[in-house]
Amino acid sequence: MSLRWRVPMSDVLSSPAVFDANAVSSLTGHDDDVQFALDFVARFRRLLPGRVSRIESAMLGDDYKEAMDAVLSLRTSACTLGAQELCAVSTRIEEHLRASDLPGARVAAQGLAGAERRADEAFATFLS
């Protein structure tokens, strides 16, 4: 029996870095636009708990549409910001949701709390 559908290859690969500050600093194309980077990270950090909660609530309510919308919101912003671990976890959740595999998405979402905590610590360091 193949476990491929239960454990995507991306889950087996080494964990990505938590936060790549170079990604956020390159958003404007100007290396000297430090304030923009600081504001962007601070805003993302402030909104992160609500984004994670929205994903968890949607999946608990068996709401695929809301779960997909919530996970795409997190994935897009996390990947843009350079929050690589959150990007990877949300991508895995999305893969399961696209396959109509809510139980698999719930398992993948178990990684959100730890990724959120590590990202928050990395953002705090970046902002200090």
Side-chain angles (χ1 to χ4, degrees):
M1 175 177 158
S2 171
L3 294 179
R4 188 180 121 141
W5 66 273
R6 289 186 180 196
V7 183
M9 184 54 79
S10 57
D11 288 357
V12 178
L13 300 176
S14 63
S15 296
V18 173
F19 175 54
D20 177 8
N22 291 324
V24 73
S25 64
S26 70
L27 287 176
T28 64
H30 299 94
D31 292 336
D32 58 345
D33 199 353
V34 175
Q35 192 58 52
F36 174 81
L38 293 172
D39 291 346
F40 196 85
V41 171
R43 186 176 314 108
F44 181 88
R45 184 181 185 208
R46 187 177 66 251
L47 296 173
L48 182 58
R51 285 182 168 147
V52 170
S53 177
R54 184 176 169 217
I55 292 168
E56 292 169 343
S57 294
M59 287 196 296
L60 286 173
D62 293 336
D63 188 339
Y64 279 92
K65 186 176 178 180
E66 178 66 15
M68 181 61 83
D69 187 61
V71 80
L72 288 174
S73 174
L74 176 60
R75 182 183 60 80
T76 302
S77 57
C79 294
T80 299
L81 178 74
Q84 295 175 338
E85 185 181 14
L86 284 168
C87 177
V89 171
S90 58
T91 298
R92 286 192 295 273
I93 297 168
E94 178 191 359
E95 289 170 354
H96 287 287
L97 290 173
R98 287 196 185 278
S100 298
D101 177 16
L102 189 57
R106 287 181 179 141
V107 170
Q110 291 175 359
L112 275 175
E116 177 186 7
R117 186 185 75 255
R118 286 183 291 277
D120 186 67
E121 292 168 0
F123 299 150
T125 299
F126 178 79
L127 294 168
S128 63

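A quick note: this is a predicted structure, and the numbers were derived from the prediction, not measured.
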So, using side-chain contact (heavy atoms from CB on, under 4.5 Å) as the criterion, who are the partners of Arg117 when residues are at least two apart? Glu121
Considering all heavy atoms of both residues, which atom of Leu81 and which atom of Phe40 are nearest to each other, and what is their separation? CD1-CD2, 3.2 Å
Does any non-hydrogen side-chain atom of Arg106 lie less than 4.5 Å from one of His96? no
Pairs under 3.5 angstrom only: tabulate donor-acceptor contacts from the side chains of residues 49-61 to other protein residues two or more places apart or in another chain.
residue : atom : partner : partner atom : Å
Arg51   : NH1  : Ser77   : OG           : 3.1
Arg54   : NE   : Glu66   : OE2          : 2.5
Arg54   : NH2  : Glu66   : OE2          : 3.2
Arg54   : NH2  : Asp69   : OD2          : 2.2
Ser57   : OG   : Ser53   : O            : 3.0

Starting at CD of Glu116, measure out to CZ of Phe123 and round the result to the nearest 0.5 Å. 10.0 Å
Do Leu47 and Val24 share a hydrophobic cluster, counting only Ile, Leu, Val, Met, Phe, Trp and Tyr and linking them when any side-chain heavy atoms are less than 4.5 Å apart? no
In Å and rounded to the nearest 0.5 Å, what is the OG1 to CZ distance from Thr80 to Arg75? 9.0 Å
Can you name the closest pair of heavy atoms from Ser100 and Tyr64 and give their distance? O-OH, 3.3 Å
Nearest heavy-atom contact between Ser90 and Val71 is O-CG2, 3.4 Å
Interatomic distance, CD@Gln84 vs CG@Leu86, rounded to 0.5 Å, equals 10.5 Å
Looking at every non-hydrogen atom in both residues, tell me the closest pair between Val89 and Ala108 and how far apart they are. CG1-O, 3.7 Å
Is the shortest side-chain heavy-atom distance between Phe19 and Asp120 below 4.5 Å? no
Sorted by first residue and then second, give each disulfide (SG to SG under 2.5 Å) pair with at least one member in residues 64-114; sequence neighbours left out. Cys79-Cys87
Nearest 0.5 Å, please: how far is CD1 in Ile93 from CG in Asp101? 12.0 Å
